[in-house]
Amino acid sequence: MSRLIVVSNRVSAPKDPSAGSAGGLAMALSAALKTYDGLWFGWSGETVETFTGEAKIEDRAGVTVALVDLESQDVDEYYNGYANKTLWPLFHHRVDLTAYERTYGEGYERTNARFAEVLAPLIQPDDIIWVHDYHMIPMARDLRRLGIKNRIGFFLHTPWPVRQLLVTLPHHRRLVESMFDYDLIGFHTREWLDLFRDYVASEPSVDGKLLPNDALEAFGKTVQTGVFPIGIDVDGFLDARNSVFGRRTYDRMAASSAFRSMIVGVDRLDYSKGLEERLLGYEQFLQDNADMRGKVFLLQVTPISRDDVDTYQDIRGRLDSLAGRVNGAFADMDWQPIRYINRTYRRDQLAGIYRAARVGLVTPLRDGMNLVAKEYVAAQNPDDPGVLVLSRFAGAAEQMGEALLVNPFSREEVADAIKRALTMPLEERKRKWQTLMQVVRDTDVGIWRDDFVSTLRAVEKSADGDDDATPAHSA
């Protein structure tokens, strides 16, 4: 069987597979690499004075990883610059925060070309290559330039922007053209695939064609696309929930609630997560429901991320101020309405926290799948489940219609959903949870992984003229 080579900006193969902090995606890809005798390639997270082009090969719990050090200029322009200051805000519809600096684009192109030059000698003729996310969109193009003819797939973990915003990106056509060197491009939702197809078919400078089965033709090339909704490692998460540490965390949180209903939000610090809007919605709930004060509290867990980017420093300050304002206005001597925490918790700890929460608030302004929504559902007690309040602009909303879907820009809508969730009868909660839990099981991360890899293999067979090849996946 051919090897699978996973390519991503950072290599997250767990050094200790039993660690409760290991994420489901990392575990799923690690399992695939063990099955296919594969390799995980990416940036080491370290910087060097001069780029050497050497890959450090090591074993992580049975997974072979190849790590590359970058120069400080690469990190500033490729990672902090084009990836995090240009593509990330643009793909999340925050053009007001998008930085269009020529040096960022040049660094992005240069660093991807460097990655390709290091990876190419490690590729064997029958390997299949799976590239992840917006950091490495040009990777297939750069590998093709080096003579790599293997099947290469790409999966975007973020939303794809509407065409009217994408065209604000200098050289947007060149970025999209580089994607046509992939054999398969995957998106979380049908909406984002359709937005990509709209750009290809409608942008005058592209003049692309929509082909059957979601194939696309442009730039003299054809690419297959598909919808592959990612999920969580359900069994692994349930094991974490039922572990000694998971149960202990649940017991602590249940005791800490002290006969109050806990509302929980877990998001890394990012403007796309709608954290300010969430706190304003919760503040509105407290204003509208004086009888609920003292009976509920919001636990907002927000690990700090990208703290060297000015935009993230700004939002951190605003959240600190907003949480303080709400607590100052509503707190009593024995009650604090918001517990705002900037730290990271292990997966088993989070499972215990989710299980103890009567309401899960997942209200991003625009987001990828957002696996917190699926983790919250998986953590619940089937006999007394909590209620998921979910932004309609999260990728998960396309699948999880039984959640209370809200417009996160409306503080009144968020406030009303919190009240409905807290007062929902048990039978309705159980009915909604059962439907949502089935979605979680049906979209397990292992199913997502195997679906994408098998579809990429099918594209390969089709390209080789095998009439028995299965059609490419599309939802």
Chemist: Considering residues at least two apart in sequence or located in another chain, which fulfil the ring-ring contact (aromatic ring centres under 6.0 Å, His included) criterion with Tyr182?
Modeler: Phe154
Chemist: Does some side-chain heavy atom of Leu319 sit less than 4.5 Å from a side-chain heavy atom of Tyr340?
Modeler: yes
Chemist: Tell me whether the guanidinium CZ or amine NZ of Arg241 lies under 6.0 angstrom from the six-membered ring centre of Tyr354 and within 45° of its axis.
Modeler: no
Chemist: Rounded to the nearest 0.5 Å, what's the gap from CG on Leu388 to CE on Met400? Could you check?
Modeler: 5.5 Å
Chemist: Evaluate whether atom CZ of Arg343 has more than 12 neighbouring non-hydrogen atoms of other residues, nucleotides or ligands under 6.0 angstrom away.
Modeler: yes
Chemist: Would you confirm whether Gln380, through its side chain, and Pro382, through its main-chain N or O, come within 3.5 Å as a donor-acceptor pair?
Modeler: no
Chemist: Are the side chain of Thr222 and the backbone of Ala218 linked by a donor-acceptor contact shorter than 3.5 Å?
Modeler: no
Chemist: May I ask you to check if Arg278 and Tyr282 form a cation-pi contact, with NZ or CZ under 6.0 angstrom from the six-membered ring centre and within 45° of the axis?
Modeler: no
Chemist: So, Glu283 and Arg325, do they make that salt bridge, N to O below 4.0 Å?
Modeler: yes
Chemist: Would you check if the side chain of Gln224 reaches a backbone N or O of Asn213 as a donor-acceptor pair within less than 3.5 Å?
Modeler: yes
Chemist: Assess whether salt bridge (Lys or Arg N to Asp or Glu O under 4.0 Å) is satisfied between Arg420 and Glu428, documenting all intermediate values.
Modeler: CA-CA 11 Å; Arg420 183 183 170 196; Glu428 185 179 0; 3.1 Å; yes
Chemist: For Ser202 and Asp198, does a side-chain donor sit closer than 3.5 Å to a side-chain acceptor?
Modeler: yes
Chemist: Find the distance between CE (Met253) and CD1 (Ile353) and round it off to the nearest 0.5 Å.
Modeler: 5.5 Å
Chemist: Can Tyr199 and His172 be said to form a ring pair (Phe, Tyr, Trp, His ring centres under 6.0 Å), step by step?
Modeler: CA-CA 10 Å; Tyr199 174 90; His172 55 87; 5.7 Å; yes
Chemist: How far apart are the C-alpha atoms of Thr302 and Lys273, what are their side-chain angles, what is the distance that settles it, and do they pass the side-chain hydrogen bond (donor to acceptor under 3.5 Å, both in side chains) test?
Modeler: CA-CA 10 Å; Thr302 306; Lys273 302 300 183 181; over 6 Å; no
Chemist: Would you sort out whether Arg110 and Glu77 count as a salt bridge (Lys or Arg N to Asp or Glu O under 4.0 Å), showing the intermediate values?
Modeler: CA-CA 10 Å; Arg110 179 185 66 249; Glu77 295 175 353; 2.9 Å; yes
Chemist: Who are the salt bridge (charged side-chain N to carboxylate O under 4.0 Å, His left out) partners of Arg174, not counting sequence neighbours?
Modeler: Glu109
Chemist: Should the pair Glu402-Arg431 be classified as a salt bridge under the 4.0 Å nitrogen-to-oxygen rule?
Modeler: yes
Chemist: Answer yes or no: is there an ion pair linking Glu71 with Arg114, defined by an N-O contact shorter than 4.0 Å?
Modeler: yes
Chemist: In the structure I gave you, are the side-chain heavy atoms of Gln73 and Thr47 within less than 4.5 Å of one another anywhere?
Modeler: no
Chemist: To check you understand the geometry: which heavy-atom pair defines the closest contact between Ala378 and Ile232, and what is its length?
Modeler: CB-CD1, 3.8 Å
Chemist: What verdict does the ring pair (Phe, Tyr, Trp, His ring centres under 6.0 Å) test give for His92 and Tyr271, after you've listed the backbone C-alpha separation in whole Å, the side-chain angles of each residue and the deciding distance to 0.1 Å?
Modeler: CA-CA 9 Å; His92 290 83; Tyr271 46 79; 7.5 Å; no
Chemist: For Ser44 versus Leu67, what's the shortest heavy-atom pair and its separation?
Modeler: CB-CB, 3.8 Å
Chemist: Closest heavy-atom contact between Gly226 and Leu184?
Modeler: N-CD1, 4.5 Å
Chemist: Got Pro204 and Asp207 here, is their nearest side-chain heavy-atom distance under 4.5 Å?
Modeler: no
Chemist: Looking only at non-hydrogen atoms, find the nearest pair between Leu195 and Pro161 and report the distance.
Modeler: CB-O, 4.0 Å
Chemist: Knowing that exactly one of Phe452, Trp192, Phe196 qualifies, which makes a ring pair (Phe, Tyr, Trp, His ring centres under 6.0 Å) with Phe187?
Modeler: Phe196
Chemist: Below 4.5 Å, heavy atoms only, C-beta onward: do Leu156 and Phe91 meet side chain to side chain?
Modeler: yes
Chemist: Taking NZ, NE, NH1 and NH2 as the nitrogens, is one of them in Asp214 or Arg190 under 4.0 Å from a carboxylate oxygen of the other?
Modeler: yes
Chemist: In a check of ring pair (Phe, Tyr, Trp, His ring centres under 6.0 Å) between Phe115 and each of Tyr108, Tyr78, Trp43, which one passes?
Modeler: Tyr78
Chemist: Would you check if the side chain of Thr86 reaches a backbone N or O of Ala99 as a donor-acceptor pair within less than 3.5 Å?
Modeler: yes
Chemist: Check Ala394 against Pro364 and note the closest heavy-atom contact, atom names and distance.
Modeler: CB-CG, 3.7 Å
Chemist: Verify, without hydrogens or angle tests, whether Arg260 (side chain) and Phe297 (backbone) share a donor-acceptor contact under 3.5 angstrom.
Modeler: no
Chemist: Just wondering, do Thr363 and Leu390 contact through their side chains at under 4.5 Å, heavy atoms?
Modeler: no
Chemist: Can a salt bridge be assigned to the pair Lys85 and Glu101 using a cut-off of 4.0 Å between side-chain N and carboxylate O?
Modeler: no
Chemist: Which heavy atom of Leu169 sits nearest a heavy atom of Leu87, and at what distance?
Modeler: CD2-CD2, 4.2 Å
Chemist: Distance-only, no hydrogens or angles: does the Ser410 side chain make a donor-acceptor pair with backbone N or O of Asn407 under 3.5 Å?
Modeler: no
Chemist: State, without any angle test, whether Trp88 and Asp270 hold a side-chain donor-acceptor pair at a distance under 3.5 Å.
Modeler: yes
Chemist: For the atom pair CD1 (Ile230) and CG (Asp444), what is the distance rounded to the nearest 0.5 Å?
Modeler: 10.5 Å
Chemist: Quick one, Met437 and Val234 - any side-chain contact, counting heavy atoms below 4.5 Å?
Modeler: yes
Chemist: Under 4.0 Å between a side-chain nitrogen and a carboxylate oxygen: does that hold for Asp183 and Arg144?
Modeler: yes
Chemist: Look only at the side chain of Tyr376 and the backbone of Ala357, and say whether a donor-acceptor pair between them is shorter than 3.5 Å.
Modeler: yes
Chemist: Should Val200 and Phe180 count as side-chain neighbours, where that means a heavy-atom distance under 4.5 Å?
Modeler: yes
Chemist: Would you say Ser256 and Arg339 are linked by a side-chain donor-acceptor pair, where the criterion is simply a distance under 3.5 Å?
Modeler: yes
Chemist: Please lay out, stage by stage, how Gln284 and Asp416 fare under the test side-chain hydrogen bond (donor to acceptor under 3.5 Å, both in side chains).
Modeler: CA-CA 9 Å; Gln284 187 71 48; Asp416 290 346; over 6 Å; no
Chemist: Quick check: does any side chain N or O of Glu277 sit under 3.5 Å from a backbone N or O of Phe409, one acting as donor and the other as acceptor?
Modeler: no
Chemist: Assess the side chains of Tyr82 and Thr111: does a donor N or O sit below 3.5 Å from an acceptor N or O?
Modeler: no
Chemist: Do Met136 and Asn112 come close enough that some side-chain heavy atom pair is under 4.5 Å?
Modeler: yes
Chemist: Does Ser321 use its side chain to pair, donor to acceptor, with the backbone of Gly317 at less than 3.5 Å?
Modeler: no
Chemist: Would you find a donor on one side and an acceptor on the other, under 3.5 Å apart, between the side chain of His93 and the backbone of Val162?
Modeler: yes
Chemist: Rounded to the nearest 0.5 Å, how far does CG of Asp288 lie from CG of Leu286?
Modeler: 9.0 Å
Chemist: May I have the step-by-step check of ring pair (Phe, Tyr, Trp, His ring centres under 6.0 Å) for Trp448 and Phe228, ending in yes or no?
Modeler: CA-CA 6 Å; Trp448 165 82; Phe228 303 86; 8.3 Å; no
Chemist: Between Asp314 and Arg318 (salt bridge meaning N to carboxylate O under 4.0 Å), is one present in this structure?
Modeler: no
Chemist: Can you pull the salt bridge (Lys or Arg N to Asp or Glu O under 4.0 Å) pairs that have at least one residue in residues 384-397, sequence neighbours excluded?
Modeler: Arg358-Asp384, Asp384-Arg429
